[in-house]
K.L.:
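Can you keep this structure in mind? I'll have questions shortly.
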Amino acid sequence: MLNKNEFALNLLEWYHINKRDLPWRQTNDPYKIWLSEVMLQQTQVQTVIPYFNKFIDKYPTLDDLANADEQEVLKDWEGLGYYNRIRNLHSAVKEVQYTYNSIVPQKPKQFFELKGVGPYIGGAVQSIAFNHRIAAVDGNVLRVMARLNEDNRDISKQSTVKSVKSYVESIIPLESGDFNQALMELGATICTPRIPKCLSCPVQSHCESFKSNSVLQYPKKKSSKKKTELYYNIFLILNDKNEVYMFMNESNLLKGMYKFPKYDIDTSIGTIEEELNLKLSQLKEPIAEEKHVFTHQVWYMNVYLLYTNSESEHFIKIKDVSDYPMSVAMQKVFKHLN
DNA sequence: CAACCGTGGAT
DNA sequence: TATCCAAGGTT
């Protein structure tokens, strides 16, 4: 059983000496802390840093972000992935603007009700910005706690996360924000997934799995399922005005991002002409093949070049394409026009 | 609740 | 190349 007071003391002492100097640790602004937590969702620190700096430079206050055009914000998020994160955050800061006079709610209940604020981000922001004693349980914390207690439960189950959250809140000290960050920092730098640095660990003496030499057996997690493989034809349709056919994606995957016409490989040109209301040139061999891997899908894309004299509101000047938010998958397609 | 939702880096 | 992982949330 964990000696709570001694554990927290050891961990916090280590953290205060060893914490990394990250951009979002140079501010007490709840908005900026919130932004960083949203960016850090399932995304590595090194990836987030340049995006965070760009956003803070361009949208220094909550009102700057709230007043911004959604498509421009999406464009600035381009390449970071999980695009609903920024769509939800944009919506949430607008909510804060008109409901809370542009002040990030200090009442946990109010903050947790905002779009895109779940158990982790809610706990992180409320503890770091306002010192509320709420846990912030991410993948790092799940791994650290599983190893400390030789916890055999599956960390991919929501019930486990909920239970660990309660456990952390039973040991969380008054310095709640630092404690939450210290647990994550420990997981990110010492108690790492593959080669943990147990000999440098400040809480080694509290660790059950270290005592029994079973650290690498934790955390328990069910293996991920196989990705669905999908085969598509992507069409770069050009007219005689240096324009290409492009439109906003409405489906859940990559919602709000622009795309080129994308069809299952067995879809006939006639069907496509009918759906797009265009008269198209004869189909020739694909000019390229591309593969793109998502969390749960793999796209194998054949890239085709087509021409038309038909008119449509969906034609965009090729030189202006880069002004529109586009997924990496579609960027891989578009690069073959250059 | 299990499935969905991006991307890049490490091994 | 295949798999896992990374400061998770929504449905």
K.L.:
If you measure from the P atom in dT11(C) to the same atom in dG6(B), how many Å do you get, rounded?
P.N.:
13 Å

K.L.:
Could you say whether K157(A) or L80(A) is positioned toward the 5' end of DNA chain B, judged by the nucleotide with the nearest heavy atom to each?
P.N.:
K157(A)

K.L.:
Looking for any heavy atom pair under 4.0 Å, which part of the strands does W24(A) touch: base, sugar-phosphate only, or nothing?
P.N.:
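Base contact - W24(A) has a heavy atom under 4.0 Å of at least one base atom.
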
K.L.:
Would you mind reading off the distance between K332(A) atom NZ and dG8(B) atom P, rounded to a whole angstrom?
P.N.:
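Nearest whole value for this atom pair: 7 Å.
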
K.L.:
Assign I121(A) to base, sugar-phosphate, or nothing according to its heavy-atom contacts below 4.0 angstrom with the strands shown.
P.N.:
sugar-phosphate

K.L.:
Looking only at side-chain atoms of K225(A), point me to the closest of dC5(B), dA2(B), dA3(B).
P.N.:
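The closest nucleotide is dA3(B).
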
K.L.:
When all nucleic acid strands are considered with a 4.0 Å heavy-atom cut-off, which category describes K221(A): base, sugar-phosphate, or nothing?
P.N.:
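Sugar-phosphate, backbone atoms only, no base.
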
K.L.:
To the side chain of Q181(A), which of dA7(C), dG9(C), dC1(B) is closest?
P.N.:
dA7(C)

K.L.:
Tell me: CH2 of W77(A) to C1' of dG8(B), nearest whole Å?
P.N.:
15 Å

K.L.:
The test is side-chain contact (heavy atoms from CB on, under 4.5 Å); show your working for Q97(A) and D63(A) and say whether it passes.
P.N.:
CA-CA 7 Å; Q97(A) 186 181 51; D63(A) 284 309; 2.7 Å; yes

K.L.:
So what does R87(A) touch, heavy atoms closer than 4.0 Å: a base, only the sugar-phosphate, or nothing?
P.N.:
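No contact at all - R87(A) keeps every heavy atom at 4.0 Å or more from the nucleic acid.
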
K.L.:
Describe the nucleic acid contact of S156(A) in one word from base, sugar-phosphate, nothing, applying a heavy-atom distance below 4.0 Å.
P.N.:
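Nothing, no heavy atom under 4.0 Å.
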
K.L.:
Among dC1(B), dA7(C), dG6(B), find the nucleotide with the atom closest to the side chain of E185(A).
P.N.:
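When the side chain of E185(A) is considered, dA7(C) is the closest of dC1(B), dA7(C), dG6(B).
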
K.L.:
On DNA chain C, does the nearest nucleotide to S223(A) precede the nearest nucleotide to N140(A) from the 5' side, or the other way round? Give the residue.
P.N.:
S223(A)

K.L.:
Between K259(A) and F247(A), is there a side-chain heavy-atom distance shorter than 4.5 Å?
P.N.:
yes

K.L.:
Starting at atom CD of Q331(A), determine the distance to atom P of dG8(B), rounded to an integer number of angstrom.
P.N.:
8 Å

K.L.:
Please work out if G187(A) contacts a base, only the sugar-phosphate, or nothing of the nucleic acid, heavy-atom cut-off 4.0 Å.
P.N.:
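Answer is nothing: G187(A) stays at 4.0 Å or more from every strand.
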
K.L.:
Nearest to the S224(A) side chain among dG6(B), dA3(B), dC4(C), which nucleotide is it?
P.N.:
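Given the options dG6(B), dA3(B), dC4(C), the side chain of S224(A) is closest to dC4(C).
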
K.L.:
Given atom CG of L254(A) and atom C1' of dG6(B), what is their separation to the nearest angstrom?
P.N.:
7 Å

K.L.:
How many Å lie between CG on N84(A) and P on dG9(C), as a whole number?
P.N.:
14 Å

K.L.:
Checking H206(A) now: which residues fulfil side-chain hydrogen bond (donor to acceptor under 3.5 Å, both in side chains) with it, not counting sequence neighbours?
P.N.:
N10(A)

K.L.:
Touch check for N180(A), heavy atoms < 4.0 angstrom, all strands: base, sugar-phosphate only, or nothing?
P.N.:
nothing

K.L.:
When the ring planes of Y231(A) and Y300(A) are compared, do they come out parallel, tilted or perpendicular, using 30° and 60° as the limits?
P.N.:
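Aromatic pair Y231(A)/Y300(A) classed parallel.
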
K.L.:
Could you say whether V117(A) or S36(A) is positioned toward the 5' end of DNA chain C, judged by the nucleotide with the nearest heavy atom to each?
P.N.:
S36(A)

K.L.:
Starting at CH2 of W34(A) and ending at C1' of dG9(C), how long is that distance when rounded to a whole Å?
P.N.:
14 Å

K.L.:
Rounded to whole angstroms, how far apart are CD1 on I155(A) and P on dG8(C)?
P.N.:
11 Å

K.L.:
Tell me what L22(A) touches on the nucleic acid: a base, only sugar-phosphate, or nothing, going by heavy atoms under 4.0 Å.
P.N.:
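Touches a base.
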
K.L.:
Provide the closest heavy-atom pair for Y83(A) versus L80(A) in the form atom of the first, atom of the second, distance.
P.N.:
OH-N, 4.1 Å

K.L.:
Let's test your reading of the model: under 3.5 Å, does the base of dG8(C) pair with the side chain of Y120(A) as donor and acceptor?
P.N.:
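When only heavy-atom distances are counted, Y120(A) does not reach the base of dG8(C) through any donor-acceptor pair under 3.5 Å.
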
K.L.:
Rounded to whole angstrom units, what separation is found between the NZ atom of K227(A) and the P atom of dA2(C)?
P.N.:
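K227(A) atom NZ is separated from dA2(C) atom P by 12 Å.
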
K.L.:
Check the orientation of Y263(A) and F235(A). Use parallel for under 30°, tilted for 30 to 60°, and perpendicular for over 60°.
P.N.:
tilted

K.L.:
My understanding is that only one of I128(A), L89(A), D29(A) makes a side chain to side chain contact (heavy atoms under 4.5 Å, CB included) with W34(A); could you say which?
P.N.:
L89(A)

K.L.:
I'd like a list of close polar pairs between nucleotides 9-11 of chain B and the protein, N/O only, cut-off under 3.5 Å.
P.N.:
none

K.L.:
H292(A) and F294(A): ring pair (Phe, Tyr, Trp, His ring centres under 6.0 Å), yes or no, with the steps?
P.N.:
CA-CA 7 Å; H292(A) 189 72; F294(A) 294 93; 4.7 Å; yes

K.L.:
Report yes or no: is the cationic atom of K262(A) (NZ for Lys, CZ for Arg) closer than 6.0 Å to the six-membered ring centre of W299(A), at no more than 45° off its axis?
P.N.:
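Here K262(A) passes the 6.0 Å and 45° test against W299(A).
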
K.L.:
Looking across every strand, which nucleic acid part, if any, lies under 4.0 Å from K255(A) by heavy atom: base, sugar-phosphate, or nothing?
P.N.:
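Result for K255(A) = nothing.
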
